[in-house]
Amino acid sequence: MHAQVAIIGAGPSGLLLGQLLQRAGISNIIVENRSAEHVLGRIRAGVLEQGTVDLLDEAGVGARMHAEGLPHDGFELAFDGDRHRIDLRALTGGRGVMVYGQTEVTRDLMRARAAAGAATVYEAEQVSIEGIDTTAPCVRYLLNGRVHTLHCAFVAGCDGFHGISRQSVPTAAIRTFERVYPFGWLGVLSDTPPVSDELIYAAHARGFALCSMRSRTRSRYYVQVPLDERVEDWSDARFWDELRTRLDAHAAASLVTGMSIEKSIAPLRSFVAEPMRFGRLFLAGDAAHIVPPTGAKGLNLAASDVRYLSRALIEFHRTGDTTELDAYSARALRRVWKAERFSWWMTTLLHRFPDAGGFGQRIQQAELDYLIGSVAARTALAENYVGLPFDD
Ligand code: APR
Ligand code: PHB
């Protein structure tokens with residue numbers, strides 16, 4: 001088997017890269033170790049920056065997102081019993097975000113890929129990469145007990161944080177930066193109307209809470225929990241009680257509860273691997289970096305990596321010029337680190353840290369107070385939330 005680009009992983013990064021390359025006439029095959037149903041069963045992020053929306057449009061998969069997604073012009077910060085609106089549109093000169101689930105983005109990309117007749121190998125086992133320091137690397141995997149070899153010119157490592165791409169690189173060639181937070185998010189998905197038209201990020205003495213949504217009839221809620229918490233110990237009733245406690249009285253009173261259709265705990269982590277390119281292997285998305293979800297940046301960063309990488313591969317395909325490919329890692333990392341900073345800052349601002357102490361808590365209160373009193377501070381928050389500009 002042969003393709004110009006072998007893509008490892010059929011998450012949003014791999015599928016979006018595949019779609020952009022396909023439209024530019026660059027052959028690509030995706031090798032994924034899980035089934036399509038498993039990939040679609042994961043409940044992940046839900047907020048798209050304008051830049052991500054534009055890239056999905058460019059990839060030809062924006063129709064359902066525009067029809068069913070919910071454009072948001074702002075969100076609310078809740079603390080000390082009150083809610084304060086962050087007016088994204090007014091603060092950023094007309095920009096906003098689109099609320100549309102990662103699961104739906106993935107479904108749209110899978111359908112487009114099937115329609116284009118591009119190949120995706122699902123349930124590939126023992127995926128490995130060879131020859132990234134040559135001009136003819138290959139990806140090997142086992143399918144139905146047989147070894148397959150996919151020859152290519154480039155490998156795109158889009159296989160998430162636990163994937164093999166980053167792990168295939170010699171440790172001396174890679175530097176990693178990490179912060180693990182001492183808590184996780186317990187998330188619930190329910191077919192109930194969202195408590196409010198906009199997202200609510202709540203800072204409370206018992207911990208952070210977030211009210212988000214997937215549609216006008218489907219809600220996504222989270223509460224901060226200690227890392228040793230077990231999801232089995234959280235009945236729906238316990239979850240709703242805890243969420244209500246952390247919200248302002250008005251939101252608590254209008255919260256519509258119901259049966260959860262998904263409930264899970266995710267740890268929070270900041271992680272960056274540098275560089276993002278090793279010879280003919282290019283990392284994109286969670287394979288190269290993780291952000292805590294507080295800033296809603298994970299999926300958007302994956303999209304911005306894919307934007308840079310697809311443009312670079314298309315440029316090389318057209319002209320043979322490697323300038324863009326050579327610039328990929330540094331260019332992607334500049335945007336990654338700014339999103340890392342923002343995600344860390346939002347997390348620090350809104351969560352209860354076990355070791356914060358009295359001083360830490362007062363600083364947090366002062367920062368929230370500063371934010372609601374200062375247009376400059378709110379502008380900095382808003383311009384990061386809607387997404388910083390691209391460097392091209
Ligand atoms: N071989 C092949 N595929 C693999 C391997 C492997 N060894 N390991 C993992 N994968 C697959 C996973 O099953 C998954 O489908 O790679 C895919 C990676 O997808 P994601 O983890 O969704 O990562 P990415 O596409 O970069 O998307 C980033 O998704 O995880 C969220 O919060 C994150 O929103 C962000 C976005
Ligand atoms: C979500 O809807 O899952 C979501 C929204 C905003 C965030 C994180 C998660 O910051």
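All residue numbers in this chain count up from 1 along the given sequence. Every number for a ligand or one of its atoms is a count from 1 in the order of the listing.
The shortest N or O to N or O distance between Q102 and ligand 1 is below 3.5 Å. Polar contact with ligand 1: absent for G163 (N/O pair, distance under 3.5 Å). Between R214 and ligand 2, a contact under 3.5 Å exists for at least one N or O pair. Of the polar atoms of V39, none of the N or O atoms is found under 3.5 Å from an N or O of ligand 1, judged by distance alone. Distances between N or O atoms of R220 and those of ligand 2 include no value under 3.5 Å. By the 3.5 Å distance cut-off applied to N or O atoms, R34 is not counted among the residues near ligand 1.
Of all the atoms in ligand 1, the ones that sit under 4.0 Å from a non-hydrogen atom of G160 are 18 (C), 21 (O), 23 (O). Counting the atoms of ligand 1 from 1 in the order shown, those under 4.0 Å from a heavy atom of I164 are 7 (N). Taking every non-hydrogen atom of G11 and a distance limit under 4.0 Å, the qualifying atoms of ligand 1 come out as 15 (O), 17 (C), 19 (O), 25 (O). For ligand 2, the atoms sitting less than 4.0 Å from at least one non-hydrogen atom of Y201 are 6 (C), 7 (C), 10 (O), numbered in the order shown with element in parentheses. In the vicinity of G285, heavy-atom distances shorter than 4.0 Å reach the ligand 1 atoms 26 (O). For ligand 1, the atoms closer than 4.0 angstrom to any heavy atom of R42 are 12 (C), 13 (O), 14 (C), 15 (O). For ligand 2, the atoms lying closer than 4.0 Å to a non-hydrogen atom of R44 are 3 (O). Residue C158 approaches ligand 1 through these ligand atoms, each under 4.0 Å from one of its heavy atoms: 16 (O), 17 (C), 18 (C).
Taking the ring centroids of F271 and H289, they lie at or beyond the 6.0 Å cut-off. You'll find the ring centres of W344 and Y181 outside the 6.0 Å limit. In this structure, H84 has its ring center closer than 6.0 angstrom to the ring center of F79. Side-chain rings of F183 and H351 approach one another, their centers coming within less than 6.0 Å. For F75 and Y201, the ring centers are positioned less than 6.0 Å apart.
A side-chain N or O of Q22 and one of N28 form a donor-acceptor pair less than 3.5 Å apart. Counting only N and O atoms by type, the side chains of Q50 and D54 include a donor and acceptor under 3.5 Å apart.
By the criterion of a heavy-atom distance under 4.0 Å, the side chain of L210, and not its backbone, is placed next to ligand 2. Of all the heavy atoms of W185, the ones lying under 4.0 Å from any atom of ligand 2 belong exclusively to the side chain. Proximity of V31 to ligand 1, defined as any heavy-atom pair under 4.0 Å, is confined to the backbone N, CA, C and O atoms. Within the 4.0 Å heavy-atom criterion, the part of S212 lying near ligand 2 is the side chain and not the backbone. With a 4.0 Å cut-off on non-hydrogen atoms, V127 touches ligand 1 through its side chain and not its backbone.
Contact analysis leaves H38 out of contact with ligand 1, as no non-hydrogen atom separation drops below 4.0 angstrom.
To the nearest 0.5 Å, atom CZ of residue R111 and atom CG of residue D108 are 6.5 Å apart.
A distance-only check finds a donor-acceptor pair linking the side chain of D159 to the backbone of I164 [under 3.5 Å]. Side-chain atoms of S27 come within 3.5 Å of backbone N or O of Q4 as a donor-acceptor pair.
Cation-pi geometry between R307 and F390 is met: under 6.0 angstrom from the ring centre, within 45 degrees of the axis.
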